[in-house]
Amino acid sequence: MNKANKRFISCLLLLMFFLALSYMRANAQAKNPVIKEGILNRIANEVSGSICFEHIRYLSTLHRTWGSRDYHRAAEYFVDKSVEYGLSEAEIEKYPVKTGRESFWMHSAGGNVPWDLRSGEFRLVEPFPMLITHYENAPSTVARGSRSTDTKAELVYVGRGDSEDDYKDIDVRGKIVLAEGGRHERVHELAVHRFGALGTVQFYNRQGNYLESEGIYWAGIMPWSHDGKKVSTFGVNLSTSRGLHLKSLLEKSDKVVVSVRIEAEIVPDGVYELATAVIPGSAKPEEEFIFYAHLDHPKPGAHDNASGDAVLLEIARTLSSLIQKEIIPPPKRSIRFMWIPHMSGLNMYFFHHQDKIGKVKGGCNVDCVGVNQSRFPTKFHVALPPHSLPTFLTDITINLVDYVNHMLTARQNMLFSPEGSRNEFSVTLRSYLGASDEYTANTNSLNIPSIYFFDSPLPPRHNQINFLEYIDRTNLKRIAYLGAIISYAYTSAGEEIVPLLHEINYRGKERLESELLKANILIESSTAENIHQNYAKARNLLFWGSKREKGMLSSVKKFILDKKQPKLRYSEYSKLLDEYIEICQGQLRRFYEAKCKNLNVRPLKVVPKAKKLDPSWEKTVPVLSPKIKGSIGYFSNYLEDKLGEGFLTKYKGVRGSIKYGNVGYYEAMNYVDGKNTVADIYEAVHSELWSGDYSAYHYLTFEEMTNFFKMLRDADVITF
């Protein structure tokens with residue numbers, strides 16, 4: 001057997017040993033929830049998936065665009081129900097938005113403004129009459145931002161329509177443009193404001209199953225031209241099948257004429273609205289755990305996101321009912337429920353309630369949940385907070401997810417809803433994603449470590465096919481139950497601290513053990529040429545993992561009420577963690593020395609850098625501007641406003657994913673604490689990505705990260 005095969009078998013055996021050990025420990029730990037089983041059973045006996053479903057049934061009748069009558073009705077519904085269920089401080093908050101460029105720290109409405117749609121239809125007139133699509137079957141037909149019109153005109157095809165080249169040798173003046181695949185707001189800017197078209201019709205060529213080809217996606221146009229000097233007209237969104245039908249008619253006919261009728265308006269003195277209500281805490285009511293879900297979506301929007309909105313309300317009803325009936329005691333800290341505008345809502349709220357920053361101790365974002373898994377192949381996931389915000393909320397979540405999975409697998413209580421499915425179910429834990437509203441909370445400026453409930457993959461959404469029929473009452477019950485027990489356990493933490501300290505100690509060892517395994521496998525696979533560099537990388541993984549675990553344990557301090565005994569027990573567990581960290585570091589060193597001996601290489605006493613970096617950045621400490629809160633969101637114009645259009649071309653390697661979906665960028669900004677150097681941040685981020693098994697997409701090169709920080713400096717987000 002050659003050396004490569006021996007090395008592979010050694011790594012494989014090591015991996016199998018650690019996995020088997022972790023499985024046995026997790027199975028044992030699942031039987032020891034951090035909250036008394038009596039409380040868990042009482043919550044299980046109260047929560048209802050069917051009540052939750054009825055909320056979704058109502059919401060799916062509303063076209064919930066920002067500032068519209070239907071959005072207001074939805075917000076009123078949650079306030080009225082919160083009052084009915086006995087919650088406190090139930091109200092609608094209003095945030096004026098007139099241009100869409102109003103700034104809430106780094107967030108704005110992305111140019112979107114409050115807008116209301118009353119009716120709309122799109123018809124073929126020539127070569128034969130035909131109703132193409134209508135507001136009543138698909139409100140997403142009418143592009144948000146459109147104004148009223150009653151127009152009949154010739155249709156002309158311009159390809160994608162989002163580039164000036166698409167309009168060469170095509171006269172669109174006085175006509176209606178049909179575009180395929182271009183971003184609708186860009187198409188409208190060029191076709192209407194630049195080249196004189198009357199309006200725009202847009203579709204995406206998505207030819208999958210019949211649902212994908214019939215979906216009319218909720219695209220919008222900006223209410224004014226980019227320079228603000230011209231008023232926009234109207235936009236129509238079409239399904240793939242209808243768009244291709246019109247395209248084929250244009251290829252076959254000399255002339256195609258269409259008519260558009262729309263009744264819509266930009267709402268004068270419009271506002272974005274946020275509904276909120278509270279279950280008050282008994283000991284520290286000013287400290288809060290927040291649930292939040294975005295309320296806006298085109299009709300029906302059952303899964304995205306009426307499901308998340310309804311789950312919040314059912315959690316609120318369940319806990320409030322049990323507390324009022326004295327079946328469970330009230331939590332020590334308050335639980336706030338928030339139904340918000342997507343992506344910008346949290347920043348709007350905290351912009352107007354800056355006194356609450358620092359008092360919100362954790363949160364849960366619920367976005368797209370409760371799919372019947374026998375109707376659509378999906379799974380339910382819970383994503384954890386990032387490493388940059390270490391919190392024992394992470395360990396409470398892991399513990400109770402394990403408990404629920406064990407309960408369902410062992411069939412102790414399947415949590416079926418009488419009218420729901422009898423499907424099996426399990427919860428999949430995920431590393432931090434930053435994929436919905438929780439990415440705004442999970443920042444070092446707002447400092448609200450949040451978990452995230454979601455289904456993935458998702459059924460068709462952002463269109464009229466987001467059906468009520470996808471939703472399963474049984475899964476709604478299970479998800480509402482999980483949210484209720486996690487929030488109740490977290491907000492009830494206090495004097496009875498030992499079970500929680502034991503859990504954090506256990507989970508911390510498990511995480512460090514997993515990272516030690518990754519480190520040892522890397523060392524085992526090393527060659528004489530890279531053994532020292534790999535050891536540095538492995539040491540770095542344990543270093544940042546140890547900092548995370550100390551932060552996890554330290555987060556408990558803030559929750560220990562003023563009792564001497566719990567503080568003594570905390571000190572004991574803190575010493576245990578320090579001892580275990582030393583053991584892990586020692587084991588890694590011995591593994592490194594043994595591998596060096598095997599390779600006939602002398603081990604180094606001084607550990608080198610994990611990566612050779614530009615020395616100038618090793619002492620550069622970025623500092624976050626105190627005026628900046630939250631994260632850079634995809635509905636935000638902040639960077640364009642500060643740096644100009646096309647700003648990315650100025651910063652080599654920096655990608656558009658700075659705005660959405662890239663954990664590397666999010667965490668790089670989160671580690672800006674006035675202490676970490678740029679080199680520290682690079683190593684911290686890469687250690688987290690390695691620990692969480694992230695894909696290559698999330699990794700940044702050192703040049704990319706330094707240029708990202710230069711961009712943040714130029715945008716007045718940080719200073720050096």
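Classification of the F195-Y167 ring pair by plane angle, with boundaries at 30° and 60°, yields parallel. The aromatic rings of H294 and H342 sit parallel to each other, their planes meeting at less than 30°, with 60° as the upper class boundary. Aromatic ring pairs are classed by plane angle as parallel below 30°, tilted from 30° to 60° and perpendicular above 60°; the pair H297 and H462 is tilted. Aromatic ring pairs are classed by plane angle as parallel below 30°, tilted from 30° to 60° and perpendicular above 60°; the pair H193 and H188 is perpendicular. Between Y660 and Y439, the ring planes lie perpendicular to each other; the angle is over 60°, past the 30° to 60° tilted range. In this structure, W339 and F78 have parallel ring planes: the angle between them is below the 30° cut-off, well short of the 60° mark. Ring geometry for Y470 versus F467: interplanar angle under 30°, hence parallel rather than tilted (30 to 60°).
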Would you please test D227 and S225 for side chain to side chain donor-acceptor pair (under 3.5 Å) and show each step?
CA-CA 5 Å; D227 60 13; S225 60; 2.5 Å; yes

- Criterion side chain to side chain contact (heavy atoms under 4.5 Å, CB included) on M130 and R242, from CA distance to verdict: CA-CA 11 Å; M130 178 183 181; R242 293 302 194 188; 2.8 Å; yes

* Please lay out, stage by stage, how S344 and Y272 fare under the test side chain to side chain contact (heavy atoms under 4.5 Å, CB included). => CA-CA 10 Å; S344 56; Y272 277 33; 4.3 Å; yes

- Task: Output, in order, the C-alpha distance, side-chain angles, deciding distance and verdict of side chain to side chain contact (heavy atoms under 4.5 Å, CB included) for V678 and F702.
- Result: CA-CA 9 Å; V678 172; F702 189 68; 4.3 Å; yes

Exercise for the section: Using the ring-ring contact (aromatic ring centres under 6.0 Å, His included) rule, take W617 and F720 through it: C-alpha gap first, then chi angles, then the decisive distance, then the call. Expected result: CA-CA 10 Å; W617 291 104; F720 293 139; 5.7 Å; yes

message: Between D304 and L458, is the side chain to side chain contact (heavy atoms under 4.5 Å, CB included) condition met? List the steps.
response: CA-CA 9 Å; D304 186 7; L458 295 164; over 6 Å; no

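Annotation for G111 and P223: closest pair O-CD, 3.5 Å, computed over non-hydrogen atoms. The minimum heavy-atom distance between F709 and A668, with the atom names listed, is CZ-O, 3.6 Å. Between L117 and R69 the shortest heavy-atom distance is O-NH2, 3.7 Å. Between I471 and S307, the closest heavy-atom pair is CD1-CB, 4.4 Å. Considering all non-hydrogen atoms of both residues, N444 and L624 come closest at OD1-CD2, 3.7 Å. When every heavy atom of P341 is checked against every heavy atom of L274, the shortest pair comes out as CD-CB, 4.4 Å.
Within a 6.0 Å sphere centred on CG of D269, heavy atoms belonging to other residues, nucleotides or ligands number 12 at most. No more than 12 heavy-atom neighbours from other residues, nucleotides or ligands sit within 6.0 angstrom of NE2 on H226. Within 6.0 Å of NZ on K650 lie more than 12 heavy atoms contributed by other residues, nucleotides or ligands.
With sequence neighbours left out, E189 forms a salt bridge (Lys or Arg N to Asp or Glu O under 4.0 Å) with no residue at all. Applying the salt bridge (Lys or Arg N to Asp or Glu O under 4.0 Å) rule to D254 yields no partners; only residues at least two apart in sequence or on another chain are considered. Judged as a ring pair (Phe, Tyr, Trp, His ring centres under 6.0 Å), and not counting sequence neighbours, F234 has no contacts.
Of the possible donor and acceptor atoms, none in the side chain of R461 sits under 3.5 Å from a partner among the backbone N and O of N466. Remark: the backbone N or O of I216 is paired with a side-chain donor or acceptor of S140 at under 3.5 angstrom. Under the 3.5 Å distance criterion, the side-chain polar atoms of Y665 are matched with a main-chain donor or acceptor of R655. The main-chain N or O of L712 is never found under 3.5 Å from a side-chain atom of D714 such that the two would form a donor-acceptor pair. Using a distance-only test at 3.5 Å, with no hydrogens or angles considered, a donor-acceptor pair links the side chain of D455 to the main chain of G370. Under the 3.5 Å distance criterion, the side-chain polar atoms of N365 are matched with a main-chain donor or acceptor of Y292. For the pair T649 (side chain) and F647 (backbone), a donor-acceptor distance under 3.5 Å is absent. In terms of modelled atom types and a separation under 3.5 Å, the side chain of T65 and the main chain of S68 share no donor-acceptor contact. Checked by atom type and distance alone, the side chain of S445 pairs as donor or acceptor with a backbone atom of G630 at under 3.5 Å. Judged by distance alone, the side chain of S148 and the main-chain N or O of A264 form a donor-acceptor pair under 3.5 Å.
Judged by distance alone, the side chains of T706 and Y682 never bring a donor and an acceptor atom under 3.5 Å apart. N347 and W105 form no side-chain donor-acceptor contact under 3.5 Å, judged by distance and modelled atom types alone. Side chains of T141 and T133: a donor on one and an acceptor on the other come within 3.5 Å. Between the side chains of T378 and Q373, no donor-acceptor pair is found at a separation under 3.5 Å. E667 and N670 are linked by a side-chain donor-acceptor pair at a separation below 3.5 angstrom, with hydrogens and angles left out of the test.
Put simply, the side chain of T443 does not reach to within 4.5 Å of the side chain of Y666, judged on heavy atoms. Residues I681 and V685 form a side-chain contact, since some pair of their non-hydrogen atoms from C-beta on lies under 4.5 Å apart. Residues I628 and M106 form a side-chain contact, since some pair of their non-hydrogen atoms from C-beta on lies under 4.5 Å apart. V257 has its side chain within reach of K255: a pair of non-hydrogen atoms, C-beta onward, lies under 4.5 Å apart. E126 is not listed as a side-chain neighbour of E154, based on a closest heavy-atom distance of 4.5 Å or more.
Between E273 atom CD and M348 atom CE the span is 11.5 Å, to the nearest 0.5 Å. To the nearest 0.5 Å, atom CZ of residue R64 and atom OH of residue Y71 are 9.5 Å apart. In this structure, N305 CG and D296 CG are separated by 8.5 Å, a value rounded to the nearest 0.5 Å.
For the pair R101 and Y638, the cation-pi criterion (under 6.0 Å, within 45° of the ring axis) is not fulfilled.
Under the 6.0 Å cut-off for aromatic ring centres, Y58 and Y77 qualify, their centroids lying closer than that.
Applying the salt bridge (charged side-chain N to carboxylate O under 4.0 Å, His left out) definition to pairs two or more places apart or across chains, none involves residues 338-349. Evaluation of the salt bridge (charged side-chain N to carboxylate O under 4.0 Å, His left out) test over residues 130-139, restricted to residues two or more places apart or in two chains, returns none.
A salt bridge is absent between E704 and K652: the closest approach of a Lys/Arg side-chain nitrogen to an acidic carboxylate oxygen does not fall below 4.0 angstrom. Under the 4.0 Å criterion applied to side-chain N and carboxylate O atoms, R160 and D162 are assigned as salt-bridge partners.
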Got a list of side-chain donor-acceptor pairs under 3.5 Å for residues 176-185, not counting sequence neighbours?
from: E180; atom 1: OE1; to: Y157; atom 2: OH; distance (Å): 2.6
from: E180; atom 1: OE1; to: K247; atom 2: NZ; distance (Å): 2.9
from: E180; atom 1: OE2; to: N205; atom 2: ND2; distance (Å): 2.9
from: H184; atom 1: ND1; to: N237; atom 2: OD1; distance (Å): 2.9
from: H184; atom 1: NE2; to: T200; atom 2: OG1; distance (Å): 2.9

